[in-house]
Amino acid sequence: MRKPFIGGNWKMNTDGKNAVELAKGVAQGCAGVIDKVDVSVCPPFVYLSAVKQALGSSNIGLGAQNVYFEAKGAFTGEVSCQMLKDVGCKDVLIGHSERRHVIKETDALINKKLIAAIEASLLPIFCVGELLEERKAGKTEQVVKEQIQKGMAGISVEKAKAVTIAYEPVWAIGTGVNATPNQAQEVHLMIRQLIASMYNKDFAAQIRIQYGGSAKPDNAAELMTQPDIDGLLVGGASLKADDFTAIVKAAAPVKK
Ligand code: 13P
């Protein structure tokens, strides 16, 4: 059975005070359901330590939004896996669409980051998803497959067990237009079948696949009823403790 996993990606939002208040609100709000759902929040780098402290003993995971693959040295502005571990991170987002399309990260770079994160015992949330024009051109499957094959190249099944995949169609991110549950399910099933062909059926049945893109309290439960949607990666709605908590609660009863 796959335990639901809800992530909050705060992106480049909050300030020091607000980040701590938000973390405390999420910790309080999720207290009754944290044994049924895995929950992580991903604040900006500079607030990781403060958020870790604010989360206290809540069992809510701390995640970073990015990492660099090198261990240390002359890489101005970058942050290593060990640094993330040092401040208490469990998870790390890798290959988020904004890093692919705004910062121009390549599949090859994302692959190096995934390998480094797994080696450091971080749990990557590996993000994939197609652009609107790619969907319109009927290329969704091709794009997502290529991102996964290139991103996970050279990663053994044992190592891949650390990975959660997040399917985030770029046209649904921050637009208020979520993929319909059926649209998302179709891609999630394709991803699971791809993982079965790249690895094996047992592992494909275990790996968690989150959906991201305008997930909200009022669409979370329906998305989560889909057989291959195991969680949500939430952007905008993770910035309000009440909304994020409502999404976590909507995911709690779902068993697969
Ligand atoms: P929104 O929930 O704001 O659409 O963002 C989704 C996302 O990018 C999460 O990583």
Side-chain angles (χ1 to χ4, degrees), residues 4-14 18-19 22 26 37-45 47-48 51 60-67 89-105 110 113-114 117 122-132 134-135 140 143-144 147-148 151 163-181 183-184 187-188 191 208-224 226 229-251:
F5 180 15
I6 307 294
N9 175 7
W10 297 0
K11 308 193 179 183
M12 200 171 73
N13 293 298
T14 68
N18 177 232
L22 180 54
V26 170
V37 190
D38 287 338
V39 181
S40 284
V41 292
C42 305
F45 283 139
Y47 304 131
L48 283 168
V51 166
I60 290 180
L62 185 70
Q65 298 174 18
N66 182 30
V67 70
C89 284
K90 174 172 77 70
D91 310 283
V92 58
L93 303 183
I94 294 182
H96 190 276
S97 89
E98 287 138 26
R99 297 213 59 86
R100 290 177 186 269
H101 299 294
V102 183
I103 317 286
K104 306 291 180 202
E105 285 194 8
I110 290 164
K113 292 183 177 198
L114 276 174
L122 286 164
L123 302 176
I125 299 176
F126 168 39
C127 308
V128 297
E130 81 287 2
L131 297 163
L132 183 59
E134 292 167 336
R135 174 161 283 261
T140 300
V143 168
V144 171
Q147 289 172 338
I148 293 177
V163 176
T164 295
I165 293 176
Y167 169 57
E168 301 202 293
V170 181
W171 48 271
I173 296 178
T175 58
V177 182
N178 60 288
T180 65
Q183 281 174 321
V187 180
H188 282 231
I191 292 173
R208 291 187 293 191
I209 309 172
Q210 295 177 323
Y211 165 79
S214 299
K216 298 270 176 325
D218 61 3
N219 59 24
E222 203 191 347
L223 285 161
M224 287 298 296
Q226 295 298 314
I229 299 182
D230 308 313
L232 301 165
L233 187 54
V234 186
S238 73
L239 295 171
K240 289 192 183 139
D242 287 352
D243 283 356
F244 188 64
T245 300
I247 292 172
V248 169
K249 288 184 176 160

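When a ligand or atom number is given, it counts from 1 through the structure's own listing order.
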Query raised in the report: Do Q147 side-chain atoms and G129 backbone N/O form a donor-acceptor pair below 3.5 Å?
Result: yes
Requested in this report: Give a yes or no on whether the backbone of A184 and the side-chain of N178 come within a donor-acceptor separation of less than 3.5 Å.
Outcome: no
Report task. Please say whether more than 12 non-hydrogen atoms of neighbouring residues, nucleotides or ligands are located less than 6.0 Å from NZ in K249. Result -> no
Report summary line: Within the 4.0 Å heavy-atom cut-off, what N9 brings close to ligand 1 is side chain
Query - Proximity flag G213 to ligand 1, non-hydrogen atoms under 4.0 Å - result: yes
Query raised in the report: Quick one: which of G176, G236, P169, C42 has a heavy atom closest to atom 1 (P) of ligand 1?
Result: G236
Query - Sub-4.0 Å heavy-atom approach of K216 to ligand 1 - result: no
Query raised in the report: Going by the order shown, which atoms of ligand 1 are within less than 4.0 Å of some heavy atom of A172?
Result: 4 (O)
Query raised in the report: Is it true that a side-chain atom of Y211 and a backbone atom of A179 form a donor plus acceptor pair closer than 3.5 Å?
Result: yes
Query raised in the report: Counting heavy atoms only, which of Q65, K11, E98 is nearest atom 8 (O) of ligand 1?
Result: K11
Query raised in the report: For atom 7 (C) of ligand 1, what is the nearest protein heavy atom, given as residue, atom name and distance?
Result: E168 OE2, 3.1 Å
Requested in this report: Provide the number and element of each atom of ligand 1 under 4.0 Å from a heavy atom of G174.
Outcome: 1 (P), 3 (O), 4 (O)
Query - Side-chain (N9) to main-chain (G235) donor-acceptor, under 3.5 angstrom - result: no
Query raised in the report: If you look at every heavy atom in L232 and Q210, which pair is closest and at what distance?
Result: O-NE2, 3.6 Å
**Report entry** Whether over 12 other heavy atoms sit under 6.0 Å from D242 CG
**Finding:** no
Query raised in the report: Going by heavy atoms, is A166 under 4.0 Å from ligand 1?
Result: no
Requested in this report: Distance to 0.1 Å, residue and atom name: give those for the protein heavy atom nearest to atom 2 (O) of ligand 1.
Outcome: G235 N, 2.8 Å
